[in-house]
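Read the structure below first, then the notes.
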Amino acid sequence: MPAILFGSISTLADTSELQRQAFNQAFAEHDLDWTWTRDDYVGMLGSNGGADRIAQYASARGDDVDAGAVHATKSRIFQTLIGDAGLAPRQGVVETVEAAKSDGVKLGFVTTTSRENITALLDALAPAISADTFDIIVDSDSVDTPKPDAAAYRFALDELGEQADQAVAIEDNEGGVASAGAADVRCIAFPNENTADGDFGSAVEVVEVLDAARVRELAAGTA
């Protein structure tokens, strides 16, 4: 049975600017005189992992910072922002999910973010998209190594009992696309507003709107 595997949070709703806002508010709470502009943040999105971004930025500036504590504050702020933002699913997401459900296609949400972030997002998108939408949800506690490692996708495929050639991933950033590719899963790049200029050369295609029929074809290996 084919499987459609949504990747990071922003494949469902574009939260990239909320993420940046949460980082900057967290910096202020920790008395750091840092401000990440949009250009700054876009330049950091070639890799995954917010705590690593904080640590690398601190190192480059010569600052002694508890990156884990700052990132924990950022996550708390981000979850609040999600709840207050009036988010809506991205174009084509609901149609893709409804078509998959109608056709008996399995659905996964394959992230390496925290379960708390996932819960905040899905609560904000319900009832259109909710935890019940997915046959499996992968989070940061599911695997030992985050994206771009293949572990998250391999874990999802094992849990679903599916083969890589009967699945398609939908990812919005370079690290996510690389993760899917490392697991031999075909990937549609679906960039968010801050990753649109990324290098998605290993994706089968790059789209601005999901097409449910096309996603289904790729999942089934018939495209």
Side-chain angles (χ1 to χ4, degrees), residues 3-20 23 41-53 56 71 75 78 82 89-93 96-97 100 106-115 117-118 121-122 125 129 133-134 136-160 162 164-165 167-211 214-215 218-219:
I4 296 170
L5 307 174
F6 286 87
S8 71
I9 280 177
S10 282
T11 61
L12 298 181
D14 194 341
T15 63
S16 187
E17 277 296 286
L18 292 180
Q19 297 266 17
R20 185 173 70 87
F23 276 113
Y41 190 56
V42 167
M44 299 174 187
L45 294 178
S47 62
N48 295 66
D52 287 343
R53 291 188 196 115
Q56 290 166 10
H71 189 255
S75 294
F78 177 62
I82 285 177
R90 294 181 64 188
Q91 286 185 280
V93 168
T96 297
V97 165
K106 294 180 181 179
L107 287 167
F109 191 22
V110 184
T111 83
T112 47
T113 191
S114 70
R115 177 62 63 155
N117 283 350
I118 293 169
L121 175 75
L122 296 179
L125 294 180
I129 306 289
T133 298
F134 300 100
I136 185 170
I137 296 176
V138 180
D139 62 36
S140 58
D141 291 331
S142 302
V143 294
D144 293 329
T145 48
K147 297 175 184 179
D149 191 89
Y153 278 103
R154 288 178 177 155
F155 177 83
L157 292 171
D158 286 346
E159 291 294 304
L160 291 172
E162 297 298 332
D165 61 2
V168 65
I170 300 166
E171 282 284 3
D172 74 324
N173 63 77
E174 293 178 19
V177 171
S179 174
D184 297 321
V185 177
R186 289 179 298 276
C187 186
I188 298 170
F190 186 33
N192 65 58
E193 65 176 321
N194 282 339
T195 60
D197 293 330
D199 180 2
F200 300 112
S202 63
V204 294
E205 58 193 38
V206 181
V207 302
E208 295 181 359
V209 178
L210 289 183
D211 180 286
R214 175 63 174 163
V215 175
L218 286 168

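Reckoned from all heavy atoms, side chains included, excluding hydrogens, waters and symmetry mates.
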- Note on the structure: Gly198 and Glu174 have their tightest heavy-atom pair at CA-OE2, 3.3 Å
- Query: Does the separation of the ring centres of Phe134 and Phe109 fall below 6.0 angstrom?
  - Reply: yes
- Query: Do you know which of Leu45, Asp172, Val206 makes side chain to side chain contact (heavy atoms under 4.5 Å, CB included) with Pro191?
  - Reply: Val206
- Distance-minimising heavy-atom pair for Asp14 and Ser16: OD1-N, 3.2 Å
- Could you tell me whether a side-chain N or O of Ser114 sits under 3.5 Å from a main-chain N or O of Asn117, the two making a donor and an acceptor? yes
- Without swapping roles, check the side chain of Arg186 against the backbone of Asp165 for a donor-acceptor pair under 3.5 Å. yes
- What is the distance from atom CD of Gln19 to atom CE of Met44, rounded to the nearest 0.5 Å? 13.0 Å
- Message: Quick one, Val177 with Ser202, criterion side-chain contact (heavy atoms from CB on, under 4.5 Å). Give me CA distance, side-chain angles, the key distance, then yes/no.
- Response: CA-CA 7 Å; Val177 171; Ser202 63; 3.2 Å; yes
- Task: Determine, step by step, whether Gln91 and Glu208 satisfy the side-chain contact (heavy atoms from CB on, under 4.5 Å) criterion, reporting the C-alpha distance in whole Å, the side-chain angles of both residues, the deciding distance to 0.1 Å, and the verdict.
- Result: CA-CA 8 Å; Gln91 286 185 280; Glu208 295 181 359; over 6 Å; no
- Message: If we check side chain to side chain contact (heavy atoms under 4.5 Å, CB included) with Pro89, which of these qualifies: Ile129, Thr96, Leu12?
- Response: Ile129
- Item | Test side-chain contact (heavy atoms from CB on, under 4.5 Å) applied to Ile136 and Phe155, step by step | CA-CA 10 Å; Ile136 185 170; Phe155 177 83; 4.1 Å; yes
- Message: On a heavy-atom basis, which atom in Asn192 and which in Ser10 lie closest, and how many Å separate them?
- Response: ND2-CB, 3.8 Å
- Message: Run Phe23 and His71 through side-chain contact (heavy atoms from CB on, under 4.5 Å) and show every step you take.
- Response: CA-CA 8 Å; Phe23 276 113; His71 189 255; 4.2 Å; yes
- Task: Would you indicate whether the side-chain heavy atoms of Ser8 and Thr111 approach each other to under 4.5 Å?
- Result: no
- Note on the structure: Rounding to 0.5 Å, atoms CD1 (Ile170) and CZ (Phe6) come to a distance of 4.0 Å
- Any ion pair linking Asp139 and Arg115 (charged N to carboxylate O, less than 4.0 Å)? yes
- Task: Kindly give the heavy-atom pair with the smallest separation between Ala183 and Ala150, and that separation in Å.
- Result: N-CB, 3.7 Å
- Item | Under 3.5 Å donor-acceptor, Asn194 side chain and Tyr41 backbone | no
- Could you grab the distance from atom CG of Leu122 to atom CD1 of Ile137, nearest 0.5 Å is fine? 5.5 Å
- Item | Side chain Lys106, main chain Leu160, donor-acceptor under 3.5 Å | yes
- Flag the pair Glu205 / Phe190 as yes when at least one side-chain heavy-atom distance between them is below 4.5 Å, and no otherwise. no
- What pair of heavy atoms forms the shortest contact from Ala152 to Lys147, and how long is it? CB-CE, 4.5 Å
- Query: For Asp149, does its backbone N or O pair with a side-chain atom of Ser179 as donor and acceptor, under 3.5 Å?
  - Reply: yes
- Task: Could you check if a side-chain atom of Val204 sits within less than 4.5 angstrom of a side-chain atom of Cys187, using non-hydrogen atoms only?
- Result: no
- Out of Val138, Asp158, Leu5, Val143, which one pairs with Tyr153 under the side chain to side chain contact (heavy atoms under 4.5 Å, CB included) rule? Leu5
- What is the minimum heavy-atom distance between Glu162 and Ala3, and which atoms define it? CG-CB, 4.3 Å
